[in-house]
Enquirer: 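The following block contains the structure, expressed as structure tokens.
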Amino acid sequence: MRYWLFKSEPGEFSFDDLKNSPQSTTHWHGVRNYQARNFLRDEIKVGDQVLFYHSSSENVGVMGVAEVVKAGYPDATAWEVESLYYDPTSTPENPRWFMVDIRWKQAFKRLVTLQEIKNTPALQNMKLVQKGMRLSVQPVTKEEFEKICEMGTRP
DNA sequence: GCCAACGTTGGC
DNA sequence: GCCAACGTTGGC
């Protein structure tokens, strides 16, 4: 089992939006970055655990945990002309972009803030806090995952 | 809203 | 293949 961090702007799609979705599950569509695409297509598997991160908002940090319930498959929004994520270079025969399905699993008792992560020695190597790192889908280690869960579930 | 740091595009 | 211009991300 592997561990990941997914970023979302809560104004677009929040952790609560995930919880309130049908079956608390959603297609993680719209990722248009090749590095992230490769993770979605090749490496993220059913059962993998996901830290759900809110970016670009007043409260930046990890909200809780989701679980992968379907591994990589083509992102159909790429060939929907009316979609925000339309990309004419992706076709059903030769899809360029991929997505996975994730299901809401557990809300932390409190937000684990970006600032707090930056201030935690054990989390200094997280991709999230590396200078210039903007990947919206990124791997985290088991140790990092467990540390953040511990921080989020303790008062 | 600002802006630094990236990633992508496209002319050459 | 280089690189300038442009668009995007995301913290602040």
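Every chain is numbered from 1, with letters handed out A, B, ... down the list of sequences.
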Enquirer: On DNA chain B, reading 5' to 3', which nucleotide is the first and which the last to sit with an atom under 4.0 Å from a heavy atom of chain A, could you check?
Expert: B:dA5 to B:dT8

Enquirer: Checking side-chain contact (heavy atoms from CB on, under 4.5 Å) against A:Leu128, which of A:Ile117, A:Leu51, A:Val140, A:Leu135 comes through?
Expert: A:Ile117

Enquirer: Do the side-chain N and O atoms of A:Ser90 and A:Asp87 include a donor-acceptor pair separated by under 3.5 angstrom?
Expert: no

Enquirer: Show me the donor-acceptor pairs, under 3.5 Å and distance only, between side chains in residues 53-63 of chain A and residues at least two apart or in other chains.
Expert:
| unit_1 | atom_1 | unit_2 | atom_2 | d |
| --- | --- | --- | --- | --- |
| A:His54 | NE2 | A:Phe15 | N | 3.0 |
| A:Ser57 | OG | A:Asn59 | N | 3.3 |
| A:Ser57 | OG | A:Asn59 | O | 3.2 |

Enquirer: Measure the OG-CG distance between A:Ser136 and A:Leu40 for me, rounded to the nearest 0.5 Å.
Expert: 7.5 Å

Enquirer: With the threshold set at under 4.0 Å for non-hydrogen atoms, list the residues of residues 80-98 of chain A touching DNA chain B in residue-number order.
Expert: none

Enquirer: Have a look at A:Asp101 and tell me which of A:His29, A:Lys70, A:His27 forms a side chain to side chain donor-acceptor pair (under 3.5 Å) with it.
Expert: A:His27

Enquirer: Should the pair A:Trp28 and A:Phe6 be assigned to parallel (<30°), tilted (30 to 60°) or perpendicular (>60°) ring geometry?
Expert: tilted

Enquirer: NA contact type, A:Ser56, heavy-atom cut-off 4.0 Å: base, sugar-phosphate, or nothing?
Expert: base

Enquirer: Does A:Arg103 CZ have over 12 foreign heavy atoms under 6.0 Å away?
Expert: no

Enquirer: We want to know whether A:Gln124 and A:Lys118 form a side-chain donor-acceptor pair, criterion being a heavy-atom distance below 3.5 angstrom.
Expert: no

